[in-house]
Amino acid sequence: MRLQHLMCVGLATLFAGEHSHASTLVIDHVDTKNFKTRGELVFFADVLDGRNKPLTEQDPTKIQVRIDGQPVAGKFVVETAREADEFVALGILIAAHTDYNQPEPNILSMQKEGYERLLSNLSANDKVALWFYNDQTMKTLAPWSSDPGGVGRIPRPERAGGESPKLYYALAKAMEDFKTEEGLPRRKILLVVSDGADDWIGLGRRRFERKIANIPESAKASGTKIYALGLSLASSEHLVHLAKLANATGGIYRELGDHDVEGLADTLEGISKELREQYVITFTPDEYRGDDETRVEILMELEASDGSKAKRVYAKKLIVPERPIDWPKYLTWAGIALGALLGLWLLFKLIGALIRRRANRPVYVEEDGVPVGVYKGKLMVQSGGELAGDTFYLCDDVTTIGTLKANQVPIVAKGISKRHAGIKIEDMRFELADFGSTNGTFVNGTRIEKQFLRDGDVIRVGEVELRFSLK
């Protein structure tokens with residue numbers, strides 16, 4: 001008997017994941033309703049450590065999705081249930097049988113306190129139902145509600161001992177309640193604290209397994225998980241069945257030893273906080289467009305915040321509705337592409353025109369001081385300075401006069417500024433303008449700011465006089 005007890009405890013621990021350091025990924029639900037319009041797949045998932053505690057701060061860059069085995073690239077947004085305003089349907093099955101109503105410790109009283117604290121932490125949008133089971137029956141304390149009462153109204157067992165409790169009958173009936181109730185939130189959890197003892201166990205292993213086989217099937221049909229806290233004050237040999245059911249439904253199992261009994265109320269209150277730390281992961285694929293006819297297998301794999309890796313195939317094959325072709329998007333990209341091509345064509349045209357213009361630009365070659373080629377006018381230095389008798393030919397659209405070498409007419413003489421004046425040529429009209437020089441610019445003895453030149457006009461800058469003439 002001692003060996004059998006140790007083996008059962010070991011199996012329960014194995015299913016609980018107590019010895020595993022790897023994380024576990026559990027996918028409650030995959031929502032495809034927004035895929036056709038917004039291209040989003042929404043995963044409702046838990047990432048748990050080796051003790052079935054939620055791992056927080058999941059990095060969205062360390063998640064990948066495969067559809068029918070093929071990796072699908074895209075963007076992930078990770079939120080907690082609290083951040084995403086996602087709610088929970090929480091069914092609470094309260095053990096109220098004789099063994100839990102002993103004077104010390106009184107597990108029934110501890111449950112009442114823990115469940116009341118748990119319920120006080122839920123939001124007004126969460127839905128809760130309460131049931132109890134004992135040695136005689138299973139009954140509803142409070143139907144589905146956002147503000148259930150009834151925890152304090154759990155009846156005491158009518159007689160002490162003599163009969164085994166109705167645990168698995170109660171679990172099966174509660175699962176049926178999840179299936180038939182409409183309008184529940186997408187996250188559905190059935191929570192129970194139990195020692196795993198049940199009158200069905202006395203029927204023999206095969207008959208017992210047939211009796212409880214419908215519980216995981218009902219859980220799968222309604223999308224419900226079992227959260228089980230195993231707590232036995234005597235033999236823990238039956239806890240293994242509770243652990244198996246929690247594992248089969250994608251839920252969690254935790255075993256509370258003798259030293260944890262006093263912390264039962266704190267543990268139950270902590271579960272309400274853990275429910276808010278579950279993840280809502282929104283995945284927007286880059287290219288995958290869905291298929292209205294073919295069911296696909298969806299797998300998610302990730303590296304958790306503790307560095308361990310986990311993956312899980314969603315239990316159901318899904319039809320991901322096919323997205324229509326986003327014609328505005330494609331037309332926008334086509335317009336951008338055509339605009340880019342047009343811009344490149346215009347750029348090449350401009351470059352070609354500049355090259356041709358530069359290639360066709362007249363080349364002025366001087367022979368004996370006279371340019372061979374086309375020029376538009378000329379300035380001859382009549383007097384003043386060292387350049388008297390020199391001629392400057394007006395070949396550019398703008399010819400500047402001053403002492404700097406960069407000017408087309410560079411003259412160094414007294415009274416001339418660095419950029420003294422300039423002649424602009426447009427349609428064979430020659431406009432002389434003073435550039436704000438210190439000593440001014442004169443035409444035929446009159447100081448000017450701007451003036452059109454005529455053939456034979458005499459221009460004076462500083463002490464130098466220049467005669468303007470056409471060709």
Side-chain angles (χ1 to χ4, degrees), residues 1-26 28 46-54 91-95 97 99-100 107 111 114 133 164-172 174-175 188-220 224-261 263-264 267-268 270-271 274 310 312 315:
M1 182 66 182
R2 175 64 178 167
L3 178 60
Q4 181 185 13
H5 169 71
L6 291 174
M7 289 177 65
C8 290
V9 172
L11 284 171
T13 302
L14 174 63
F15 281 106
E18 290 288 342
H19 291 167
S20 173
H21 66 277
S23 58
T24 302
L25 172 63
V26 180
D28 297 342
D46 299 325
V47 183
L48 308 172
D49 64 13
R51 298 181 60 198
N52 285 324
K53 294 280 188 177
I92 298 176
L93 180 59
I94 304 172
H97 53 75
D99 288 345
Y100 272 16
I107 306 302
Q111 286 184 97
Y133 76 96
S164 296
K166 312 291 183 181
L167 168 63
Y168 293 104
Y169 168 78
L171 284 173
M175 281 298 173
K188 301 180 180 70
I189 293 170
L190 175 58
L191 175 61
V192 61
V193 178
S194 176
D195 57 6
D198 185 88
D199 60 353
W200 284 354
I201 293 175
L203 299 175
R205 183 175 63 84
R206 290 185 179 179
R207 290 182 66 191
F208 170 72
E209 288 179 351
R210 285 199 299 269
K211 281 272 192 179
I212 68 172
N214 70 310
I215 297 176
E217 293 175 3
S218 295
K220 182 178 179 181
T224 306
K225 300 188 298 185
I226 293 176
Y227 277 29
L229 301 182
L231 176 57
S232 177
L233 299 177
S235 171
S236 57
E237 61 181 310
H238 301 310
L239 293 178
V240 64
H241 307 300
L242 205 58
K244 285 181 178 180
L245 280 183
N247 184 68
T249 61
I252 63 173
Y253 173 80
R254 294 180 194 152
E255 188 169 324
L256 301 177
D258 294 341
H259 61 285
D260 295 324
V261 172
L264 175 58
T267 300
L268 289 171
I271 287 176
E274 293 176 14
R312 178 62 60 96

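Here, residue 1 is the first one in the sequence, and each next residue gets the next number. Remember, predicted model here, so these are calculated numbers, not experimental data.
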Practice problem: Output all residues satisfying side chain to side chain donor-acceptor pair (under 3.5 Å) with Tyr227, sequence neighbours left out; order by chain, then residue number. | Solution: Gln278
Exercise. Just jot down the salt bridge (charged side-chain N to carboxylate O under 4.0 Å, His left out) partners of Asp28, sequence neighbours excluded, or say none.
Key: Arg187, Lys225
Self-check item: Test salt bridge (charged side-chain N to carboxylate O under 4.0 Å, His left out) applied to Lys211 - qualifying residues, sequence neighbours left out
Solution: none
Please report the interatomic distance [atom1]([X]) to [atom2]([Y]), rounded to the nearest 0.5 Å.
X      : Y      : atom1 : atom2 : value
Ile92  : Ile271 : CD1   : CD1   : 9.0 Å
Ile226 : Leu245 : CD1   : CG    : 5.0 Å
Thr249 : Ile189 : OG1   : CD1   : 10.0 Å
Leu229 : Gln111 : CG    : CD    : 9.0 Å
Leu268 : Leu256 : CG    : CG    : 8.5 Å
Ile215 : Lys244 : CD1   : NZ    : 13.5 Å

Practice problem: Please work out whether the ring planes of His238 and His241 are parallel, tilted or perpendicular, with thresholds of 30° and 60°. | Solution: parallel
Quiz prompt | Met175 and Glu217, any side-chain heavy atoms less than 4.5 Å apart | solution = no
Quiz item: Does some side-chain heavy atom of Val192 sit less than 4.5 Å from a side-chain heavy atom of Leu190?
Solution: no
Side-chain donor-acceptor distances from residues 193-209 under 3.5 Å, at least two apart:
from, atom 1, to, atom 2, distance (Å)
Ser194, OG, Tyr133, OH, 3.1
Ser194, OG, Gly196, N, 2.9
Asp195, OD1, Ala197, N, 3.0
Asp198, OD1, Leu167, N, 2.7
Asp198, OD1, Tyr168, N, 2.8
Asp198, OD2, Trp200, N, 2.6
Asp199, OD2, Lys166, NZ, 2.9

